[in-house]
Amino acid sequence: MTMLAPDDVAPAAPEPEPAAVPVLSIEDAKVTYETPRGEISPVDGVSLHVKPGETLGLVGESGCGKSTLGRLILQLAKADAGTVTFDGEDLTSVSRSRMRALRRTLQVIYQDPRGSLDPKMTIRQIVAEPLKVHGLAKGAARDAKADEMLLSVGLDPQLGDRKPAELSGGQQQRVGIGRALITEPKLIVCDEPVSALDVSVQAQVINLLQDLKERTGVAYLFISHNLAVVRHLSDRVAVMYLGRIVEQGPVHDVFARPLHPYSRGLLASVLRPDADAPERLAEVNEHIHGDVPGFHEVPQGCRFHPRCPYATDRCREEVPELEKATGDHARDHHVACHHWEDIVPLPTALRAR
Ligand code: SF4
């Protein structure tokens, strides 16, 4: 019998890395509002997760429910059903005081920097305010931390004595980012954070967000119309249509090979590097007809069926669930379509570039 020398023994297979516990996990969440015309549910059966240190981009046309989902995470909108678990706690059932405490590690950057900064406060006071609210620093130490944060977001600490109106839009958004980061959050909900800025400033703010993520390990839920920005900044992307997630997966997979007919229409329309989600998809995609119906007239079955060129009787009756795409699309790519496997792939020329 041949004996194996120690060096001949095949090395043991490396232990698989344990899957990271998501910092945010939303399960089957629903948000309903009363309106004069009846109830509407801009978030209806949404499930998604964000892992520590990753960026999940959330895209879709105007009025698809993206911002309501952001408000749900911040508990500015209440869930009628489902759970929103942040850092191990279900936000839908915590007390108000516990929610206030959790906001230290769950922050937000708003779309309109000017509107989100108190015009009467100085820049230093604004950036330092979360430290004061959460009792994390006082007096000179608090001011020193604020100045340090101003430097981190690329602002001269001398601007700390000024008021928001004395700063440009890009500088104001840097202040908003500094205020969100100063408590060392685990997750920041970025709600269209560059759409109010000049195009020339957008790239600087995007690069700053990317750089801060790499330095601090913060995770972002990045809500945006701007598909090019989402592709640049995100690790994974979720596509939302009329209150539901219709596709989600690694950003490269979803942009290179969208599986849902709506994603295909949306992403194939990105033919400019600065492209936004189109106001009317029908105008840029000949295969997709009509407009997004309102939340008062949600279609039965698949919500996309009145606009889908592939709709069948099954689509008109049965709601497609978000399911893992199998075969060569197996890498955490999920889609909610009865027929995604039968739909011919887009010609390369029509794919998002
Ligand atoms: Fe189109 Fe049917 Fe798929 Fe909906 S389920 S996207 S209607 S093919």
Side-chain angles (χ1 to χ4, degrees), residues 26 28-30 40-48 56-66 68-69 225 227 230-231 236-270 277-348 350-352:
I26 300 177
D28 212 11
K30 182 170 184 175
I40 59 166
S41 300
V43 170
D44 195 352
V46 166
S47 298
L48 55 78
L56 176 69
L58 184 62
V59 300
E61 290 167 280
S62 294
C64 69
K66 303 189 299 291
T68 304
L69 188 57
H225 281 88
L227 304 173
V230 166
R231 182 173 46 171
R236 290 186 304 117
V237 64
V239 181
M240 198 163 179
Y241 183 78
L242 207 55
R244 292 177 73 89
I245 304 293
V246 296
E247 183 160 1
Q248 86 177 266
V251 72
H252 176 76
D253 287 3
V254 174
F255 273 77
R257 195 159 186 191
L259 302 178
H260 192 282
Y262 175 67
S263 311
R264 290 175 179 210
L266 191 71
L267 304 182
S269 66
V270 187
E279 281 296 314
R280 293 193 69 242
L281 192 52
E283 281 173 10
V284 294
N285 195 298
E286 60 184 288
H287 302 295
I288 293 180
H289 310 289
D291 293 319
V292 188
F295 282 110
H296 287 104
E297 46 203 356
V298 171
Q300 294 273 319
C302 172
R303 293 173 179 212
F304 189 57
H305 85 252
R307 305 177 72 196
C308 181
Y310 310 102
T312 62
D313 286 347
R314 184 183 177 199
C315 304
R316 287 179 265 278
E317 288 157 16
E318 197 181 314
V319 177
E321 297 300 330
L322 194 64
E323 288 173 353
K324 190 159 184 162
T326 52
D328 61 342
H329 312 297
R331 288 199 305 143
D332 195 26
H333 196 155
H334 291 68
V335 61
C337 170
H338 296 309
H339 302 304
W340 70 268
E341 282 175 292
D342 308 324
I343 296 169
V344 179
L346 283 176
T348 308
L350 279 180
R351 286 186 209 155

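Not measured: the values here are computed from a predicted model. All values below come from the heavy atoms of this structure, side chains included, with hydrogens, waters and symmetry mates left out. Both counts, for ligands and for their atoms, begin at 1 and track the order of listing.
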Practice item. Report, as yes or no, whether the 6.0 Å neighbourhood of atom CD on Glu318 holds more than 12 heavy atoms from other residues, nucleotides or ligands. Key: yes

Exercise for review: Please tell me if the side chains of Val43 and Met240 come closer than 4.5 Å, counting only heavy atoms from C-beta onward.
Suggested key: yes

Check your understanding: So, Thr312 versus His339: side-chain donor-acceptor pair below 3.5 Å or not?
Key -> yes

Review point. Would you call the rings of Tyr262 and Tyr241 parallel, tilted or perpendicular if under 30° counts as parallel and over 60° as perpendicular?
Key: tilted

Point to revise | Arg236 side chain near Val254 side chain, heavy-atom distance below 4.5 Å | key: no

Exercise for review: Could you list the residues that satisfy salt bridge (Lys or Arg N to Asp or Glu O under 4.0 Å) with Glu321, not counting sequence neighbours?
Suggested key: Arg244

Exercise for review: Would you list the protein N, O or S atoms within less than 2.8 Å of atom 3 (Fe) of ligand 1, leaving out water?
Suggested key: Cys337 SG

